[in-house]
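Predicted model only: the values in this text are computed from it and were never measured.
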Amino acid sequence: MNTNEVILEVRGITKQFPGVLANDRVDFDLRKGEIHALLGENGAGKTTLMNILYGLYQPDSGEIRRNGEVVKFSSPKDAIAQGIGMVHQHFMLIPVFTVTENIMLGDETVKNGLLDQRTVAALVRQLSKQYGLEVDPQAVIQDLPVGVQQRVEIIKTLYRKAEILILDEPTAVLTPQEVEDLFHIISELSHQGVSIIFITHKLKEVLAIANRITVMRNGKVVGTKTPQETDEAHLAEMMVGREVILKVEKGPAKLGDVVFEVENLSVFDQRGLEAVRDVSFQVKAGEILGIAGVQGNGQTELVEALTGLRTPHHGSVRLGGFDVTASSPRPMIEYGLAHIPEDRQKHGLVLSFPVADNLILCTYYQQPFARNYIIQNKAVDEYAHRLVEEFDVRTPSPYLPASKLSGGNQQKVIVARELSRPVKLLIANQPTRGLDVGSIEYIHQQIVQMRDRGVAVLLVSAELDEIMALSDRIAVMYRGQIVATLGASQATREGLGLLMAGLQIAEA
Amino acid sequence: MDIRRFLFITLIIIILIGVVVLVGSSQVSPATIIVSMLATTVAVATPLTLGALSGVFCERSGVVNIGIEGMMLASAFFGWFAAIYLNTILGFQPLPSLLTGVVVAIITGGLLGLLHAWLSITFKVDQIIGGTVINLLAVGISGFLNRQLFFEKGSIFGGQVPHAPGVLPRIQIPLISDIPVIGKIFEQQPIAISAIVLVIIAHVVLFYTRWGLRTRAVGEHPRAADTVGINVYKMRYWNVIIGGMIAGLAGAYFTLESVPSFEPLMTNGRGFISLAAMIFGNWSPFGAWAAALVFGAAQALQINLQFFRTLIPPQWAFLQQSSIVGLVPYILTMLILTGIIGRTTPPKADGIPYEK
């Protein structure tokens, strides 16, 4: 159902945060039963706008109209009362509660002073039937897969009689199959008259599902298009403000010797469960081996074991012919390992340290940065200035704490530190997660450059597009095992998607 | 509570009772000793049970409260002072004086809870520091006022400790008191009885009511609660105040139910042992109660052994020193806190101030 009846209208919304104009006279409207995508890079102001619509922030100026009437939201309660529901990027579910408890929270049904779980559970069943959102009301959230948790979030809004559903980056955490399911659910909801605002930075998805697309950049609305009148390249240009090379330019691989060899590796996770099971692979100089897989299938533990951060309980790791199984990170770094960790803020940087100190974290004890156990500030200063320029880190000074930088620039600091040493092996885990298109482009270029310089690259990513764009060979990880290894030319999105979901494809 | 923990608790209590039975059985029948041990256990577990419940309310809503010890101590003092003042200066009967004392103790606890909430929720002071402030404050205030009011010349009591109005009387609960043998165990004083009742109420409130659902939600994932329109600060404030009031009732136990006097530092670490009981009980009211009973049994051992001191066989002579037996509750605390019995999971947002 898609009529022209406008049910929500935003006029001239402006929101100023200290130092940033997050929303600058934003106009936006939503029609009944419409799927309206809001596209933009990180920091473009999409989430700010939605938080204003959901009553979490109050705008400095501008107005919101619901069915033509001006409304003011001072808290999410007001927005919920106006039929607006939001599914946040990080789910707002309580892991130890049941589905029913989560759905009723804040809007409980009470009988004789006690919670009436039975009535709510019945309502949940009815809603899940009506909209095709399969879920068990008695299940505990932490036992459910992410895709199902998302359904719970959607039911939570429908339980509150939402007519407008805001989905903030809903596909970021899903497998390709789960994305398919979500898209089915979204079109079903729109058929039944629910209007949907779909926030994303993924161009393909937008074109696949949206009725209209509004693009934001630097807090402003750049324009609104229908999928028919635009394409990926055009949308990307609108988002970034300049032409973007979406396709990674890369020639054929010039393979060298085997640099990195992993044999029958098994690793336990924090809880003592086997997270990585009997994994073997090789990476040659001058090639990129991509490890695809949905997050949480053992990639984190695998990379930790490969970089000396976690001791494997079985198997061996050889780097350039030396056995480095259970070695500590330093000898591996000295041999030529570069590591771009999964969580740049937790494991990549010391956030409270200045950029300059972060740039010498691996080499601070070596000449010329240290002499007789004393840090040589002059050498550090020169080095930091040089790298900041070379890697285009946007910072007013190399002495600003790393925490003050944007995500893209933080990642550039890590890349600068890791790749400006003599590198033989690069292990990059989710190197572009949460970055904007411009930064992604830059990081991808750097990775391909390293490969062309004869570095062996192990790329771990949950983004299928990234894996397919960069890899020369692709291994798929599922439940701690590598279930298949393919040449990049043999791999298709669909095939990889099935493997990532644990389904074996028939050998073609 | 998982079965291992339950068995552990039962085993420790049986061992502790068994020791007393072994020593005393030549003089008194085992049944009498067991009943006496159990009755003492329930009685002395009272402040621990209440303290642990206080902790359950605070921490389930996401606020760590190590100030329970201080809340107990301050409440013990002010409750006792109120009772004496009413009884000796204003001439009230002992029982109304004592009951008003209990109310004053609860209010004292509630006010200190408010202070803790104010520090840790509004000002986001580190909660451990906030709790420590309360502990130090309580020691200072109760010690100082105790000296000023009772021992200084020219104070209201004329520098003489007045005759106390006694302690709260035992009450007989209809039906339960009529049960042979077991009835005796539950013939307790009112605060001990109310502790048991509060365990049941706390369980129902936490797990079966709207209030409890919201309390647990703000302790696990406050932002999620916020997005569905729950006022995180308000929930936390009230739960910390309720926790404080329960700690206040625990304080009343010391001076209005256990002994008719106040001594500086008389809570003697019981507030901290309550926190151990809360953790061992996995932040649930019944679990906390069971754990409090273990500590209670350890203390009951010390008390009951005194009756049979002369009967202790010479090879166990060390048991004659009550100071050694008195260590048992503290040793148990240490053993239990080292986590020998399974792992416990605190509420996820426990101790983390909520930033909007």
Side-chain angles (χ1 to χ4, degrees), chain A residues 50-51 53-58 73-82 84-98 100-118 120 140-142 149 152-153 155-157 159-160 162 166 168 270-272, chain B residues 1-2 56 59-62 197 200-236 238-239 242 279 281-285 287 339 342-352 354-356:
Chain A
M50 290 307 116
N51 282 337
L53 276 182
Y54 193 60
L56 285 168
Y57 298 150
Q58 281 70 48
F73 299 152
S74 53
S75 80
K77 249 186 184 159
D78 301 337
I80 293 168
Q82 285 290 339
I84 298 176
M86 182 157 174
V87 175
H88 298 262
Q89 187 178 0
H90 305 285
F91 295 154
M92 293 298 166
L93 296 171
I94 288 140
V96 296
F97 281 14
T98 64
T100 308
E101 285 175 326
N102 266 291
I103 288 172
M104 66 165 25
L105 182 66
D107 189 11
E108 301 87 350
T109 311
V110 174
K111 210 160 82 184
N112 303 327
L114 300 183
L115 294 171
D116 186 2
Q117 302 243 15
R118 202 180 289 173
V120 178
V140 176
I141 293 296
Q142 61 193 2
Q149 294 188 15
V152 176
E153 281 280 31
I155 298 178
K156 204 164 112 184
T157 64
Y159 173 81
R160 290 165 169 74
I166 303 170
D168 190 3
Q270 228 78 50
R271 294 165 299 170
Chain B
M1 181 160 33
D2 60 74
V56 167
E59 301 212 354
R60 278 285 185 172
S61 76
V197 175
I200 299 164
I201 293 177
H203 178 78
V204 173
V205 165
L206 269 180
F207 297 106
Y208 298 98
T209 67
R210 181 196 314 233
W211 177 271
L213 189 73
R214 292 182 173 191
T215 298
R216 288 182 291 135
V218 299
E220 289 284 342
H221 193 337
R223 190 163 298 277
D226 197 5
T227 57
V228 292
I230 293 168
N231 187 334
V232 176
Y233 298 129
K234 196 176 118 192
M235 288 307 296
R236 288 190 169 176
W238 276 115
N239 275 294
I242 289 170
I279 293 168
N282 216 353
W283 287 265
S284 79
R343 201 176 282 189
T344 54
T345 11
K348 204 138 182 216
D350 199 5
I352 305 166
Y354 179 57
E355 310 262 4
K356 255 198 180 248

Value rounded to 0.5 Å, distance of OH in A/Tyr54 from OG1 in A/Thr157: 8.5 Å
Separation between OG1 of B/Thr215 and CD1 of B/Ile230, rounded to the nearest 0.5 Å: 9.0 Å
Measuring from B/Asn231:CG to B/Arg236:CZ, what's the distance to the nearest 0.5 Å? 11.0 Å
How long is the gap from CE on B/Met235 to CH2 on B/Trp211, to the nearest 0.5 Å? 4.5 Å
Heavy-atom distance under 4.5 Å to chain A: side chain of B/Val204, backbone, both or neither? side chain
Strictly less than 4.5 Å between heavy atoms, which residues of residues 84-94 of chain A line up against chain B? Please order them by number. A/His88, A/Phe91, A/Met92, A/Leu93, A/Ile94
In Å, rounded to the nearest 0.5 Å, how long is the span from CD1 of A/Ile166 to CG of A/Asn51? 8.5 Å
Exactly one candidate in B/Ile242, B/Asn239, B/Asp350 meets side-chain contact (heavy atoms from CB on, under 4.5 Å) with B/Ser61; the answer is B/Asn239
Checking heavy atoms, do the side chain of A/Leu114, its backbone, both or neither come under 4.5 Å from chain B? both
Tell me, out of B/His221, B/Arg223, B/Arg210, who's got the most heavy-atom pairs with chain A below 4.5 Å. B/Arg210
So, for A/Tyr159 and A/Asp107, which heavy atoms are closest and what is the spacing to 0.1 Å? OH-O, 3.1 Å
Mind checking the CH2-CZ spacing from B/Trp238 to B/Arg214? Nearest 0.5 Å is all I need. 15.5 Å
Given that the side chain runs from C-beta out, which part of A/Asp116 has a heavy atom under 4.5 Å from chain B: side chain, backbone, both or neither? neither
